[in-house]
Amino acid sequence: MRLLHTSDWHLGQHFFGKSRQAEHAALLAWLLEQVVVQAVDAVVVAGDVFDTASPPSHAREAYHQFVLDMHDAGVQLVVLGGNHDSPAVLGESRQLLERLHTRVVPSLDRPAAEHVFALNGRDGQPGALLCAVPFIRAREVRPSLPGQETEAARQDLVAGIAGHYAAIHAAALARRQALGRPLPIVATGHLTCVGASRSESVREIYVGSLSAFPADAFPPADYIALGHIHRPQQVSASGHIRYSGSPIALGFDELGVAKQVLLVDLDAAGQQAVTPLEVPVFQPLARISATLARLPAELDAVAATLAAGQVAWLEVEVVGDELLPDLPARVAALVEDRPLEVLRLRRRRASQPALAPVLQDLDELAPAEVFERRLAAEPALEDGQRQALRERFATVLARLEEGAA
């Protein structure tokens, strides 16, 4: 049994105002090619198919075309909802897509046994059982209790998520026993695990109550395919709990890490191999940190790496202590005759670390960061008052985000 594990496509994303439609079209065409060349039996998308709860029509069209392509290739497709995905949007075509051998699991809206699917091998017989777990919203596993302490809320949430995993895994064991075959069990998830390395574009999903889920709280599946973290990485020492990462860079801070999807080979004995497939770069991105005097040479160095017809998108950080009120105009003039486009421009004093993560624009800040900065502007508040305000803010924000989803 061979699976292709991918996640975090974020179809429909606009990157600092630039559409990624062409990139995503190239990515999905490449994925189809790999599915055929690598003789893949099933594709598992572990959440965040779309970038927003209301994806543009071209993103939905690309998604549905991929479903058709997988059907024509004779490959099963399983799509899990992520924190960016709307359960209503993913769920609206669930029954229709099931006729095309695509299983869509937008949320925890069904009994545990209905989250267990048989994945067929090349012989048409079940080759694995899948515990199809999407992003789990806090309201799905625990009630919102006014005045509950942060640590108690965290423990309740961990216990609730772990309980759902245990119930679905138990249903998979019962299904395996009924089939009378020693099938490996695969689970999915869309969350942050303890120790996972994040990036700027990853949104907190359990605000104020749970920053990360402990890996030892997962059930004993043979492979656990995770989404939400954009950097590919393994969570367990044995390598059976993994993030595939996003297949394209979703932030400038993700550069320098090769993007990939994972081929997972399983048999009756469990996981046999995990093989990363490096994803080509469909849209060049680059980060430059230099003084204004050095900037032309750095721009030329990036331009020299491009193929004919390519235009690189840049994050530029200009280093120096001098006042430069006309800096945007100066930088725009420098790139005018080069195959480059500056999407993010920053300033840094020479004494600060290179590419320091100093966020300058409001749209670059998460709501929690804005709130913390506002708290910092109130020195008269005592520690207890600050913590109480944080907890109240976290409760309100969580309710707003759950309502929007």
Side-chain angles (χ1 to χ4, degrees), residues 1-9 27-28 30-47 66 69-80 101-103 105 115-133 165 168-169 172-173 175-177 179-190 193 196 215 218-227 229 231-247 257-280:
M1 183 79 204
R2 172 167 280 186
L3 306 179
L4 188 147
H5 167 202
T6 180
S7 72
D8 296 276
W9 293 354
L27 166 67
L28 296 181
W30 179 83
L31 281 175
L32 174 61
E33 179 184 357
Q34 298 309 307
V35 164
V36 174
V37 170
Q38 302 293 340
V40 170
D41 298 304
V43 174
V44 175
V45 185
F66 189 78
D69 290 339
M70 292 299 98
H71 176 261
D72 292 344
V75 175
Q76 292 173 282
L77 176 62
V78 181
V79 177
L80 290 308
H101 302 116
T102 293
R103 296 280 197 150
V105 185
H115 282 268
V116 178
F117 306 143
L119 300 177
N120 294 332
R122 296 173 181 82
D123 58 0
Q125 298 298 311
L129 292 175
L130 180 70
C131 297
V133 184
Y165 270 103
I168 295 170
H169 184 258
L173 293 176
R175 179 79 171 273
R176 182 168 67 180
Q177 184 175 11
L179 290 171
R181 301 183 60 175
L183 300 175
I185 294 177
V186 177
T188 65
H190 192 89
C193 275
F218 285 115
D222 294 288
Y223 182 78
I224 300 179
L226 298 179
I229 299 299
R231 300 177 187 273
Q233 55 199 279
Q234 68 179 52
V235 176
S236 62
S238 64
H240 79 290
I241 306 177
R242 294 196 182 226
Y243 288 98
S244 62
S246 60
V257 178
K259 293 298 184 176
Q260 59 186 228
V261 297
L262 300 173
L263 287 178
V264 184
D265 290 300
L266 304 120
D267 61 17
Q271 173 192 306
Q272 296 304 306
V274 178
T275 307
L277 298 180
E278 186 170 338
V279 181

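Residue numbers count from 1 along this sequence.
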**OP:** Quickly, which of Val186, Thr102, Val43, Leu130 forms a side chain to side chain contact (heavy atoms under 4.5 Å, CB included) with Val78? Name it, please.
**Re:** Leu130
Subject >> Interatomic distance, Trp30 atom CH2 to Leu277 atom CG [nearest 0.5 angstrom] >> reply: 5.5 Å
**OP:** Looking only at non-hydrogen atoms, find the nearest pair between Leu32 and Phe66 and report the distance.
**Re:** N-CE1, 4.3 Å
**OP:** Quickly, which of Leu119, Leu173, Leu179 forms a side chain to side chain contact (heavy atoms under 4.5 Å, CB included) with Leu129? Name it, please.
**Re:** Leu179
Original post:
Which atom names give the shortest non-hydrogen contact between Tyr243 and His5, and what distance separates them?
Top reply: C-CE1, 4.1 Å
Original post:
Going from CE on Met1 to CG on Asp41, what distance comes out if it is rounded to the nearest 0.5 angstrom?
Top reply: 4.5 Å
Original post:
Under 3.5 Å, is there a donor-acceptor pair between the side chain of His115 and the main chain of Ala172?
Top reply: no
Subject >> Atom pair CD/CZ of Gln233 and Arg242 - distance to nearest 0.5 Å >> reply: 11.0 Å
Original post:
Where is the tightest heavy-atom contact between Cys193 and Leu226, given as atom of each residue plus distance?
Top reply: SG-CD1, 3.7 Å
Subject >> For the student: nearest non-hydrogen atoms of Val75 and Val35, plus distance >> reply: CG2-CG1, 3.4 Å
Original post:
Can you tell me how far OG of Ser244 sits from CG of Asp8, rounded to the nearest 0.5 angstrom?
Top reply: 6.5 Å
Subject >> Heavy-atom closest contact (Trp9 atom, Val45 atom, distance) >> reply: CZ2-CG2, 3.6 Å
Original post:
Short question: side chain of Tyr165, backbone of Cys131 - any donor-acceptor pair under 3.5 Å?
Top reply: no
Subject >> Any pair counted as side chain to side chain donor-acceptor pair (under 3.5 Å), so long as it reaches residues 261-272, sequence neighbours left out >> reply: Arg2-Asp265, Asp267-Gln272
Original post:
Can any side-chain N or O of His101 pair as donor or acceptor with the backbone N or O of Gln76 at less than 3.5 Å?
Top reply: no
Original post:
Do you know which two heavy atoms are closest between Leu27 and Pro247, and how far apart they sit?
Top reply: CD2-CG, 3.4 Å
Original post:
In Å and rounded to the nearest 0.5 Å, what is the CD1 to OG1 distance from Ile224 to Thr188?
Top reply: 9.5 Å
